[in-house]
Structure formats: structure tokens, C-alpha cells
Amino acid sequence: MLIGATALLLGGGGLAAYATTALAGNNTPGATGHPHTASAAFTISCPDVGERLRTVPRSAQLPVSKGLSALDKQVHDAYHKMMGGGGTAVMSPLKAQREKTIRMMVTAIAKNTKRPGYLLKMSGCTTKPVTEGAGAGGNDSTKSVQDGWYQGQNPTQDQQGQQQGQDQQQGQQGQDQNQQGGQDQNQNGGQQGQPGGPSPDDFVDITSVQPNADAPPFAAPKGGNASTGTFTTECGRNEDGHFNSDNVIVTPGVSNGAHHTHDYVGNKATDAFADDNKLAASDTTCTNGDQSTHYWPVLRKLDGNAEQKPGAAQDANVGTTLTPATVTLTFRGSQVGQVEAMPRFMKIITGDAKAFTNGTKNANASWSCTGFEDRQLKDKYPLCPEGSQVVRTFAFQNCWNGRDIDSGNHRDHVAFSDQNGVCPNGFKAIPQLTQRITYDVPQGDSFAVDSFPEQLHKPVTDHGDFINVMPDQLMSKAVECINSGRKCD
């Protein structure tokens, strides 16, 4: 999604052979027969330029979009060369490329607003050690989701401090082991292991996970003043095959700006070049006339099928695209009072496509199985019993600053309430969207979400996107249903 953190989601031809595991050590077979090891491997971690953007004037939007996409591809290409035996020699040319691109972005922004010179300090990257079996920062995926992982609340200051400490330690380890990593790669002919990820250790048997969440619908408002109604919009499950590798929110105007394939429901016109007018004039897959756009990275069956289309094989995302079994889109209320209407064309991103290298500050992945949804995973894929479906759930931000329909980093204009349902100062409650998607997948560790190559298809990188294009009358109906405690569709 946003730029930076590593090679976090992303061009080149036929990159199906990315290695995710050891630079050294003895390989042992995984659950599916793929070799893997417990040794440290390395990926590339770069400062997230997109996350640090604050104000992007309209005149600078296209140059910034092109710059963000270019930065992703630069990391992608450097990672490919490093895995091919280039070792750490790739890091200096990568920094030079990033310096040039970031300077172009800064110049474009500075023509109509304050010059963001701080971005110029973000060109340097490091290698990050990857220990197989560890999630982002080594998080415990059975930890209670009530700390904010499912509900979406921001981490506590203590949690943020711990994560920052982990990130700094990992960055230092990457620098310390940089030289040895390059030598080991060259000696061993490159990294070895399961191509492209994920690791067998990224999966866990859902029946072994202790309950850590409320029963469905998890985020249902509680309390005497809560707005307890719901509004559900039915938009299908992408039976029409609406796919592209664009990201109209983060990189508008740039083809293949996401460098991974997105699944779409709702607005039929959504691609990189769909402005508000085009979205407002479009047909929709929703049965109630809702023209909103909903999208997320596709889930793939790991069968080696190299689909030759943007965001797929040439961006190291390999396997047959899985069509969801169900897609449920529900808006819920607030624990402490009534909600206000979302403005039309508001854009919201939840989760972080680069969470494996960025850390978990913005991560909001939630994985489970039907029949076991009181057990939510944030950095593991679930292995479901026979007859149970894999479930992905995205609970979106439920507070708005009351002014902006978007922001420079696509996050600052919205926020999560705290665990008591209270919005941050200056923010007001809006309907909380929950995207719930289920899949029939083959048994075993046989699927993965699309990602940037350097993110290694880690489940913590899962994310969802939403553009509100509800007609005003329909949004009013949704708000009235939620605030009056009714269930509507």
C-alpha cells in the first residue's frame, strides 16, 4: 500500500523463484514438502515515504503517485538482485535511485505548499533479518485481539515503544549482518527455501488457538448509549472477475501502482484512472445502488500457476486466484452514541501492506475460520478443519476528523476509537465498515495473500480499501438504521 518499508509489495518478469529462507543452515522439509530452515534470511527494509506524507497538492498528485510506485519497484528490483546472488552490493545503487525519486517528489510538492525536506532523509535502506516462523516483530498471534488487532484501536504507547525497540534492534542486526549475509548468499548460490513465501511456520491450526475475541460480530457496540443497528450492502463476490494491480487511493493515475492484484466488488469503473466523477457515473455490482468501491489483495492457491498479468507472476505473486465464497459488507455503530454520515468520496485504508518491514503500528489483519471466529489471528494464516472456510476480516476506522475525505498518507483524516468507543479529540463517530470475506481453500498450507516480494506474503500484511460512493439518500438510510437500532440492507 503505502511506500517504503521494504520491498513491501511489487515489476519484473517471471519472478516466481523468490527465496524466502536461509542464507545458511540445514534445510528441513516443511508441511507441504517445501524445504525451509530456522536460519536467518534477509529482506530489504526502507523508510516508508508514503506514510510520512502530510500534504500533497492536487498539482503534485501524479508526480507523487509515480514516485511512490517507482520507489516500490526500485526495492523490488534490488531485492531480486540480492536474492540472485548480488548480496549487499545492491544497497548503494538503491539509495541513489531513491534519492533521485524522493527529490523529484519533494520538488513537485514544494511548488504549491511547504517543502517536505524531511523526506530527503529517507533514501537509505537496510537489510532486515528474517527468522522463519516469526511474524512482524515476533508477535504472538494468539494474543487477545482486544488489544486492538481486530477492533482496530491504536496500540498503546507501551506497545508502540516495544515495537519501535524491536524495529531498531532488527535494523541494527541487519546492518551488523549485512556483510556476512552477502558472503553467505554468494557462497551458497543465493537463498534457498520455498519460493516467494510464505513459510510453513506462517500457518497455525485454528483448533490449537485459544479464544481471544468476542463471538461474531466481534465489534458490536455495547452500552446504554450505543448505536446498535447495522446496515449491510450486498455487492457480490467478484463473480465478474474485476481485477487489476492499480491502487486508486495511494497511486492514482499510475497503472500497476500496487504491484499486486486486487479483488473488487461494488463500483465497476474502479481502476487507477477513476476520479470521483467517473465513480459517480459508474454501474455497480451492489443490489441497492451503492456505488462504493471495496477492494483487497487477492488470495492465491499455491499451485505454481504463473498468471501473466499485471500484479501477478511478473510481480512475484504466483498461483491461481481464489474467488471468495462469500463477501459480507456491514456498517455498525458506536459504543458511546450516534454516528454521523460519511462524506461521499471519503477514502479509507485499513491495515498495512508493508507491516512485515514497517512494524505493526498500522497493521490490522484478522484471519480465522468459520465456526472458530472467536479465535482471530493477526500474523498467522489459519489451517481450518475440513468443511470450515478461511475468513479474512477488515474492521475499518470508525472516527473522522469532520473535514477531509482523504489525507497525504491516507490515514490522518480517520482514526479508531479507543476500547471504550471514544474517538480522539477533534474526531466524530462514523459508521464502521467491516469487510468479511470467506474462501474454500485446499487443505494444508496451500494459500497466501498477494504482497510485495520483500514482504514474503506474510499474513500480517493483509489490508483492505474503501471509497464511499453511496448516494446521499442511501447513506442517510444507513445512518438512520444504525442510530435507531435496526438491522437493514
Practice item. Decide if the gap between the ring center of Phe203 and the ring center of Phe447 is smaller than 6.0 angstrom. Key: yes
Regarding [X] and [Y], does a basic nitrogen lie under 4.0 Å from an acidic carboxylate oxygen?
{"X": "Asp290", "Y": "Lys477", "value": "no"}
{"X": "Asp379", "Y": "Lys458", "value": "no"}
{"X": "Asp445", "Y": "Lys380", "value": "no"}

Min side-chain heavy-atom separation [X]-[Y] under 4.5 Å:
{"X": "Arg300", "Y": "Val318", "result": "no"}
{"X": "Val449", "Y": "Trp296", "result": "no"}
{"X": "Ser227", "Y": "Ser334", "result": "yes"}
{"X": "Arg436", "Y": "Ser368", "result": "no"}
{"X": "Phe231", "Y": "Met470", "result": "yes"}
{"X": "Val250", "Y": "His410", "result": "yes"}
{"X": "Arg392", "Y": "Tyr439", "result": "yes"}
{"X": "Tyr295", "Y": "Asp263", "result": "no"}

Check [X] against [Y] and note the closest heavy-atom contact, atom names and distance.
{"X": "Asn267", "Y": "His242", "value": "O-CE1, 3.5 Å"}
{"X": "Ser407", "Y": "Arg411", "value": "OG-N, 3.1 Å"}
{"X": "Gly311", "Y": "Asn317", "value": "O-ND2, 3.0 Å"}
{"X": "Ala415", "Y": "Gln397", "value": "O-CB, 3.3 Å"}
{"X": "Val106", "Y": "Pro116", "value": "CG2-O, 3.7 Å"}
{"X": "Cys125", "Y": "Ile44", "value": "CB-CG2, 4.2 Å"}

Is it true that a side-chain atom of [X] and a backbone atom of [Y] form a donor plus acceptor pair closer than 3.5 Å?
{"X": "Thr251", "Y": "Ser65", "value": "no"}
{"X": "Asn409", "Y": "Glu51", "value": "yes"}
{"X": "Gln291", "Y": "Ala280", "value": "yes"}
{"X": "Thr438", "Y": "Val390", "value": "no"}
{"X": "Thr285", "Y": "Val265", "value": "no"}
{"X": "Asp72", "Y": "Ser69", "value": "no"}
{"X": "Asn364", "Y": "Ala395", "value": "yes"}
{"X": "Asn401", "Y": "Arg403", "value": "yes"}
{"X": "Asn420", "Y": "Val422", "value": "no"}
{"X": "His262", "Y": "Asp246", "value": "yes"}

Review point. Can Lys128 be said to sit on top of Phe356's aromatic six-ring, NZ or CZ under 6.0 Å from centre and within 45° of the ring axis?
Key: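 Yes, Lys128 lies over the aromatic ring of Phe356.
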Point to revise | Aromatic plane relationship, His463 with His260 - under 30° parallel, 30 to 60° tilted, over 60° perpendicular | key: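 Judged by the thresholds at 30° and 60°, the geometry between His260 and His463 is perpendicular.
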Check your understanding: Which of parallel (below 30°), tilted (30 to 60°) and perpendicular (above 60°) describes His76 and His80?
Key -> tilted
Practice item. Return yes if a side-chain donor-acceptor contact under 3.5 Å exists between Gln335 and Ser417, otherwise no. Key: no
Check your understanding: Can you tell me if Asp440 and Gln389 form a side-chain donor-acceptor pair at under 3.5 Å?
Key ->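 Result is yes, a qualifying pair exists.
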Practice item. Can you spot which of Thr270, Asn244, Asn238 makes a side chain to side chain donor-acceptor pair (under 3.5 Å) with Tyr264? Key: Asn244
Calculate, to the nearest 0.5 Å, the distance between atoms [atom1] and [atom2] belonging to [X] and [Y] respectively.
{"X": "Asp406", "Y": "Ile467", "atom1": "CG", "atom2": "CD1", "result": "9.0 Å"}
{"X": "Lys268", "Y": "Cys235", "atom1": "NZ", "atom2": "SG", "result": "11.5 Å"}
{"X": "Cys286", "Y": "Leu474", "atom1": "SG", "atom2": "CG", "result": "9.0 Å"}
{"X": "Ile102", "Y": "Leu71", "atom1": "CD1", "atom2": "CG", "result": "5.5 Å"}

Check your understanding: Taking Lys347 as the fixed residue, which of Asp276, Asp404, Asp465 is the one that meets the salt bridge (Lys or Arg N to Asp or Glu O under 4.0 Å) rule?
Key ->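 Option passing the salt bridge (Lys or Arg N to Asp or Glu O under 4.0 Å) with Lys347: Asp276.
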**Study point:** Stepwise side chain to side chain donor-acceptor pair (under 3.5 Å) test for Ser484 and Arg486
**Key:** CA-CA 6 Å; Ser484 64; Arg486 296 185 293 122; 3.2 Å; yes
Exercise for review: Could you go through the side chain to side chain donor-acceptor pair (under 3.5 Å) check for Thr393 and Gln376 one step at a time?
Suggested key: CA-CA 9 Å; Thr393 310; Gln376 295 290 321; 4.6 Å; no
